[in-house]
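Within every chain, numbering begins at 1; the chains are lettered A, B, ... in the order of the sequence lines, protein sequences first and strands thereafter. Values reported hereafter were calculated over all heavy atoms of this structure, with side chains retained and with hydrogens, waters and symmetry mates removed.
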There are 2 protein chains.
Amino acid sequence: MNYDALKLENQLCFPLYACAREIVKRYKPFLDEIDLTYTQYIAMMVLWEHRQVTSKLLGEKLRLDSGTLTPVLKKLEEKGLVDRARDPQDERNLVVTLTPRGEALRTAAARVPEQMAACVSLEPDEAATLYKLLYKLLGNN
Amino acid sequence: MNYDALKLENQLCFPLYACAREIVKRYKPFLDEIDLTYTQYIAMMVLWEHRQVTSKLLGEKLRLDSGTLTPVLKKLEEKGLVDRARDPQDERNLVVTLTPRGEALRTAAARVPEQMAACVSLEPDEAATLYKLLYKLLGNN
DNA sequence: CTATAATTAATTGTGTCCAATTTAATAAAG
DNA sequence: CTTTATTAAATTGGACACAATTAATTATAG
């Protein structure tokens, strides 16, 4: 019996898994400067863009469920970066809103993508191809 | 000030991060059948190929440190799939060896890559490109 | 040979992730 | 209007992932 398909080097999943962790690791020194974890950072990204979102919408954008999101949002609230409140129109919904302090962090955060760009050794066209392939993989969920 | 670089949709890191989690999630039903988590599965892959490795080498291959690996290997030992023992030549090293039961699992595991292939909607050439780009990204660590 | 350095696992603490369940609120059906 | 179904967050439990520290062993320098 041929077990080649079971070799680590023949997996597509493994470099994907390793790469994702590697990139998060490369973000860490830059994110440390603004005291955010990677998960907190991508949550803040959505808030910087929209200022206010429901937990449900945030979860859809980040592809994370409440089990992950709830503690992250509580942490961001603790840091004074967001407010958490129920929607009076529908109390099932949690509305997350950027605070002035959260908004203020945006300027410092803007330097992160610049710094990261220097860390990724892909040509622009390679990055574009990678981006497209990843979204194609994600697409059919 | 232009904050476009801070938008989630303009990140390369995010689809990478989301994709990695998505793929692990798609593995789950197949891995459940052989009672392995994803991390346990990739550790077993190395063992199926080499039968015996040090914890250090395994960590290098999987890009995981002892903080992650130690509990995973203890779990695999609990399940009777591997043995854990110190190297008599150098007691700092932990030698992990496949048990007959671990070896026996290989046949069942061989079906996992087949089943997964059907789950990934990329053309062979696209998968090859993705593979190459991911390893290029990983390369310069 | 002995003190110091280096190497390897294990441990500790924090923060995800996710499946499954629970709780609360709203919607829909009868 | 009330019972049932649906929806959304929170909670719980298990398993990573990693930085930092500790402990044990081996190597090296003087």
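Counting only distance, with no hydrogens or angles, the side chain of A:Ser66 and the backbone of A:Leu69 share no donor-acceptor pair below 3.5 Å. Under a 3.5 Å cut-off, the side chain of A:Arg21 and the backbone N or O of B:Leu64 do not form any donor-acceptor pair. With A:Gln40 contributing its side chain and A:Thr37 its backbone, the two residues share a donor-acceptor pair below 3.5 Å.
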Side chains of residues 4-19 of chain A: which donor-acceptor pairs under 3.5 Å do they make with residues two or more places apart or in other chains?
residue	atom	partner	partner atom	Å
A:Asn10	ND2	A:Asp4	O	2.7
A:Gln11	OE1	B:Tyr27	OH	3.4
A:Gln11	NE2	A:Ala5	O	2.5
A:Gln11	NE2	A:Lys7	O	3.1

Report, one line per pair, each donor and acceptor closer than 3.5 Å where one atom sits in a side chain of residues 95-105 of chain B; sequence neighbours left out.
residue	atom	partner	partner atom	Å
B:Thr97	OG1	B:Gln52	NE2	2.8
B:Thr99	OG1	B:Gly80	O	2.6
B:Thr99	OG1	B:Leu81	O	3.0
B:Thr99	OG1	B:Arg101	N	3.4
B:Thr99	OG1	B:Gly102	N	3.0
B:Glu103	OE1	B:Arg51	NH2	3.3

Side-chain polar contacts of residues 108-117 of chain A - donor-acceptor pairs under 3.5 angstrom, sequence neighbours left out - could you list them?
none

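In this structure, OH of A:Tyr17 is placed 17 Å from P of C:dT16, rounded to the nearest angstrom. Remark: P of C:dA10 and CG of B:Asp65 are 12 Å apart, rounded to the nearest angstrom.
Contacts between residues 41-54 of chain A and DNA chain D, counted as heavy-atom distances below 4.0 Å, involve no residue at all.
Residue B:Asn93 is classed as a sugar-phosphate contact, given heavy-atom separations below 4.0 Å to backbone atoms only. Within 4.0 Å of B:Leu64, counting heavy atoms only, lie sugar-phosphate atoms of the nucleic acid but no base atom.
Partners of B:Lys28 according to the side chain to side chain donor-acceptor pair (under 3.5 Å) rule, which considers only residues two or more places apart in sequence or in another chain, are B:Asp32. Residues meeting the side chain to side chain donor-acceptor pair (under 3.5 Å) test with A:Lys132, sequence neighbours left out: none. In this structure B:Glu60 satisfies the salt bridge (Lys or Arg N to Asp or Glu O under 4.0 Å) test together with B:Lys56, sequence neighbours excluded. Residues satisfying the side chain to side chain contact (heavy atoms under 4.5 Å, CB included) criterion with A:Glu91, sequence neighbours excluded, are A:Arg86.
By the 4.5 Å heavy-atom criterion applied to side chains, B:Leu73 and B:Leu58 are counted as neighbours.
When DNA chain D is scanned in the 5' to 3' direction for atoms under 4.0 Å from non-hydrogen atoms of chain B, the outermost contacting nucleotides are D:dA15 to D:dT26.
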Can you tabulate the close N/O pairs, meaning under 3.5 Å, that link protein atoms to atoms of nucleotides 11-15 of chain C?
residue	atom	partner	partner atom	Å
C:dT11	OP2	B:Lys74	NZ	2.7
C:dG15	OP1	A:Lys75	NZ	3.3
C:dG15	OP2	A:Lys75	NZ	3.3

Using atom names, set out every protein N or O paired with an N or O of nucleotides 21-26 of chain C below 3.5 Å, distance rounded to 0.1 Å.
residue	atom	partner	partner atom	Å
C:dT26	OP1	A:Glu91	N	3.2

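Pairs passing the salt bridge (Lys or Arg N to Asp or Glu O under 4.0 Å) check and including a residue from residues 115-128 of chain A, sequence neighbours excluded, read A:Glu126-B:Lys136.
Taking a cutoff of 4.0 Å between a charged side-chain nitrogen and a carboxylate oxygen, B:Arg26 and B:Glu22 qualify as a salt bridge.
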